[in-house]
Amino acid sequence: MSNASASLLSRTTCPHCWNTFPPEAVLWVSAHTDLLGDPRLGPEKQQRFLPTRFDLAGYALDARGVRCNELACPRCHLTLPRGLVEVEPFFVSILGAPACGKSFFLAAMTWQLRQELPRLFQVRFQDASPTANQSLNEYEQSLFLNGRRDEVIPLASLIRKTELQGELYDLVMFGSQQVSYPRPFLFALAPTERHPNAAARQQLSRMLCLYDNAGEHFQPGMDSTQTQATRHLGQSRLLLFLFDPTQDPRFRARCSEEVNGAAAPSFAARQEMVLLEAIARIRVLANMPGAAKHPHPLYVIVTKYDVWAKLLGGAFLSEPPWGESRHGIHGLDVERIAAASRQVRELLLDTSPEIVHAAEGFASQVVYFPVSVLGRRPVVDAEKGLWAIKPRNLKPLWCTAPLLYGLSQGLKGLIPRRRDPGDAAAPGRRGGG
Amino acid sequence: MSLELFYTSAVRGVKPGSQGFCTVALTHGMSAALIDRLEALSAYRPVYPPHDDNAALNPVLRAHYRLGVGGKAVHVLSRVAPCGLDYSRRPNKLAHHVALDPAELSSAGPAWLLSQPGFLEAEWDGEVCILPHGPKLPRGAAPPRECQRWRQVTGDAGWAGALLEALRGRPERPAYLVYEPGMDPLPLLAEAIALLPAEERWKITFSTYYAGLPQGVECACRCVLSDSPEAAEAARLPGAFVLPLRRTGERAPDGDLARMAQTGRGRSVPRTARARAAEEEAPIPVPSPPLAQTIPAKAPAPDEEEETRVNDRSPQLGGRRSPAPPPPPRMPGRGSSQWLLVGLAAGLLGGAGLTAAVGGAVWVIRERGKPAEASAPPTVAPGKGLAERALEGLDKIEDLSKGDDQPDADARSLKRLADGLEQLGLKTLGERVRNQGRRQRVAEKLVLAMREFARQSSPSGAAGAEMKSYRRRHEQLQRFATTLLNGNHALRLAVGPAGWELVRRRPEAQVDLAALEKEIDVFQARLAQEEE
C-alpha cells in the first residue's frame, strides 16, 4: 500500500444524511456560475456531479472546465469537508428538553476544547469546515468574545433559542419528498507531533461531528420522514443527555432561593420523556433488540451547576478533572470524575429517579457529570427581571469533561488517564456506580 | 375557504405533548401536509437580540408565497416577526400564515392585502385552540398610480416598473431588492404590484425579509438586508436583477411599466408571450440538471486562465474522446507548424488531459518565440533504431504503471523515468528528471520530454510514407504517454496526497487502465509488423 492509498477510508459516513459510501463515489460541487441548479438542493445551488476529468492536483473539473474544490455526499448532495474521506467520523449527540442549555453547553464545550486540547493534551482541534461551523462560531463569539463583555447582558440575548427551521438546517429534495437535516458542526481531531502517540496519527485522527438540535426535536412524534433532525442518534458513539434541574420542581424545591426567584423558569418539563423518546429512536435506528443494552456510553449532564452547587457541597468543581500524567501531557483524573458521577447519581436518585432508571436501563455505561457553562451564579437584571451575566465573567466548569472522557473511552490512546485503566476508580460501570 | 395557522414558542401547543416552537392555533380541517408546509415557512433570523437598542429595527417578514400542496396550488400570505420572550424567558417569534384558494384572491393583490391593518396578527392571545373558520378577508381596490415611494427611495419611480419587467421577463430568476434595517419594503411592493392588471398581481410572489426558503416554495421578489448572506448570494448570481433600495443616481431603463410608474398614466400591458410560456411550462421551477457531466465543453470566460482553457478541450479520463479540437494558431515556419500540429493533435485527441495540453501550450509558446529555421533540427534518424528505442522507452514508462506500492516507490519511479528518457536519447531531460525534487512537475516534464523527443528526432528531410509512418508512431507514443499520465501512475507521482488517490479509485480510471494495456499491445504489434 502506498502512503496515498492508506490515507483514504474504505467507506465513510455523511454527517448530513448518515449515508455510508466509498470515497470514490463522492460528488464534486461545480464551480462555474453557469452550472447552477441541483435536483436535490434547488435551482440556486451549484450542480453536483461525478467527475470524469481532473487537473494535475487531483481536483475535478466541472463541465465548464473550472477547477472544483468542494466535495458532496452522493445521496443528499450536501457539502462534505475533504477530511471526511480520510479520517473516520466520530458522532456525538447532544439531547435534552427545550431550554435545558444545549446551545450554551455546546458553545462552551467547543470554545474550551479549542484552548485545552492543543495546550494540555497535544491534540489538534480545528474547524473542519468553517462555513458549516459558522453558527457555532457565532455562539462562541457571543459568549466569549463579546464586544460588550463588561456589560450585564441577559442570557437570552447571548444565544437565541434554537429554531426548527432556518439556517441550522438543510432541506433536500428526494423526488417530491423534502427532508430537513440538521447542519452538523465538524471538527478535525488529530494528535500533534508532540503527542506520545503521534506515530499513530492516522488511527487516532477523527472528524468530530456535533449537532445543535432544538429541544423540540426530541419530543415524541417529532421525528418523521420529512424531519430527520435526530437521526444522528443512530450513528452516535457518545450520547450526552442534558438534564436541567431547574425545570424539575422536585429539584427546585431543594435549591436555593435564587433558583426559585423571579428570574427562574416557572414551567416544569418531563425531561425523562425526552430521554425515553431518544432511547426509542436509537433502538429503531440501530436495530437494537428491546432488552439489549446500548454498546456506546450515555452521559447524563446535569446543567446549571452554578445554581445548585450547594447540593454537592459547593466548590466541588473548582478544579478541572485532569492534571499532569506520566505521558508528558495532561491526563484525565478518572477518580474525580467517578466521585462526581457517584454524587450526582445519588442526588438524581433522590430528586429525579426516573432519569437514572431510564439511562441505566438503556446504556451499558452511564456516567453523570455536573457542569456549569457560566461558572458562576447569574445575576438578575433588575430592569428586565431576567437572568443576566457579564460575558467577561464566564468561566465554564467541566464543560469539556464529558467529551474528553468519552474520547478517552472510545479512542484509546488519544486522551490519556492519570491512572492506569485497570484501576478500580473508573466511573460508569453499571450505572455510574 | 381561507385557513390560518399561528406558530410560536409556547409551553403547550395544539399537538399533544408539544412544547417550545409549535403550532398554537389553526383553522379546523387544515391538512397535515399544509400544516407541515406552513410550519416550515416560519423561520426567522433576527438581526438584533431582543434587548439590543436596535431591536426595533428587526425587519418584519411579510410574504406572499405560492406552493403546491396535495396537487393544488395554494397562495400563502405570511407575517413572521419577533415577539418578546417565551415561557422560558428566551426571545420568541410569532408566525401567522393565511392560506388562500385561488377563488378567494382579492383583485387588489397580495401586497395590498398584507398592508391591511389587523389582517395578519402581530401578537398571539395565548389561547391554544382550533379555530372554527379562517380569517375574514378585507376587500378593496388598489388602482395603479404614480410610484411616489419609489421616487423617494430610489430617486426614480421607474424602478418599480423595471422590477416588474424583470419579474415578468424571467419569472424563473428571482429579483433582489437590497435594503437597510429599519426600512419596510412592503409599501414599495404594493405600489409596484398595483401597476399590474388584477389578474397578474397574484403571480408576483415576494418576501420583505428573505433569508432562505424550503424548496418548492416560489418567491420571485426577494427583499434582502444589505450585508446579509442572501445579499452576497444575489450579487453572485449571474444575470440576477439586484436593486439597492437607495438613491444611486441611476435612471431606470425605459419601458411601458417604468413610464407608468413615473407618471401614473397608461394602462397595464399584457405580459410578454415569453413570460407566459415560461410560466405555463414551469409554474414552480424545478431544476433537472444532469448528474453526470455530459455538457460539451464551452469556451470559458475570457478571464479564465490559460491552463483551464486548454484543458477544457481535453478528453475525459474514462477514455472518452472529446470533439475535434479547433485548429491551432498559425505559427511561423513550415516545419515548426507541422510538428506543432502533430503535437497538439496527439495531445488533444489521444486520451490526453491537462498535462498533455499544458505541455502542448508551453511548447506552442516556446516555439512561437523561435525563428523558423531554428526549429526541429534532425538529430536522430527515423527507422528501425528509433522504433527499438521507442519501445525500450515505452517499456520503461510502462514499468511506471506497475506495482509501486512501496514507501520509496516515488523515488524509484523517478529514477526509472529518467533512465527511460535517457534511453530515448533525451539525456538532458533525463538528467533534469533525475534531479527533480518537486514531484508536482514530473508529469508535465514527461509530456514535455515526449514532445522534445519528437522535435529532436523529426525527419525534416523525410517525406511520403516514411513521414506518415513516423507521425503515426509519434502520435501513438504521445497518446500512450499522456494516457498513462492521466490514467494512472505518473499523475499519482505528481500529486502524491489523497487527492489523486480519490481519482485513481474511480472505476473509470480502472477501465482506462485496461484500455491502455490493450492500446500498448496494439502499438507494439504494429511496430513489430512495420519492422518486419
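Here is the naming used below: chain letters follow the sequence lines, and residue numbers restart at 1 for every chain.
- Only the side chain of A:Gln46 comes within contact range of chain B, with at least one heavy atom under 4.5 Å from a heavy atom of that chain.
- With rounding to the nearest 0.5 angstrom, the CD atom of A:Gln247 is 8.0 Å from the OG atom of B:Ser88.
- Distance alone, capped at 3.5 Å, is enough to place a donor-acceptor pair between the A:Gln165 side chain and the B:Glu39 backbone.
- Heavy atoms closer than 4.5 Å to chain A are found nowhere in B:Leu41, neither backbone nor side chain.
- Applying the 6.0 Å contact sphere to CG of A:Asn69 captures more than 12 heavy atoms from other residues, nucleotides or ligands.
- Looking at B:Asp86, the atoms closer than 4.5 Å to chain A (heavy atoms on both sides) all sit in the side chain, from C-beta outward.
- A:Arg270 meets the side chain to side chain contact (heavy atoms under 4.5 Å, CB included) test with A:Glu272, A:Met273; sequence neighbours excluded.
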When you look at A:Glu44 and B:Arg236, which way does the side-chain contact (heavy atoms from CB on, under 4.5 Å) test go after all the steps?
CA-CA 10 Å; A:Glu44 286 147 41; B:Arg236 190 179 59 84; over 6 Å; no

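- Smallest separation of non-hydrogen atoms from A:Glu163 and B:Ser42: OE1-O, 4.2 Å.
- For a residue to count as touching a neighbouring chain, one of its non-hydrogen atoms must lie under 4.5 Å from one of that chain's; by this rule A:Gln219 touches chain B with the side chain only.
- When heavy atoms are compared at a cutoff of 4.5 Å, A:Ser30 does not approach chain B at all.
- Counting heavy-atom pairs under 4.5 Å between each of B:Pro229, B:Gly17, B:Gly212, B:Pro214 and chain A puts B:Pro214 at the top.
- Most heavy-atom pairs under 4.5 Å with chain B: of the set A:Gly166, A:Ala99, A:Gly215, A:Ala60, this distinction falls to A:Ala99.
- Only the side chain of A:Glu167 comes within contact range of chain B, with at least one heavy atom under 4.5 Å from a heavy atom of that chain.
- Neither the backbone nor the side chain of B:Tyr48 comes within less than 4.5 Å of any heavy atom in chain A.
- Side-chain contact between B:Phe21 and A:Lys161 is present, with heavy atoms from C-beta onward closer than 4.5 Å.
- Rounded to the nearest 0.5 Å, atoms CG (A:Leu168) and CZ (B:Arg45) are 11.0 Å apart.
- Partners of B:Tyr176 according to the ring pair (Phe, Tyr, Trp, His ring centres under 6.0 Å) rule, which considers only residues two or more places apart in sequence or in another chain, do not exist here.
- Listed options A:Ser157, A:Ala214, A:Ser180, A:Ala97 were ranked by heavy-atom pairs under 4.5 angstrom with chain B; first place goes to A:Ser157.
- In terms of heavy-atom pairs under 4.5 Å with chain B, the best-connected choice from A:Leu171, A:Leu158, A:Val172 is A:Leu171.
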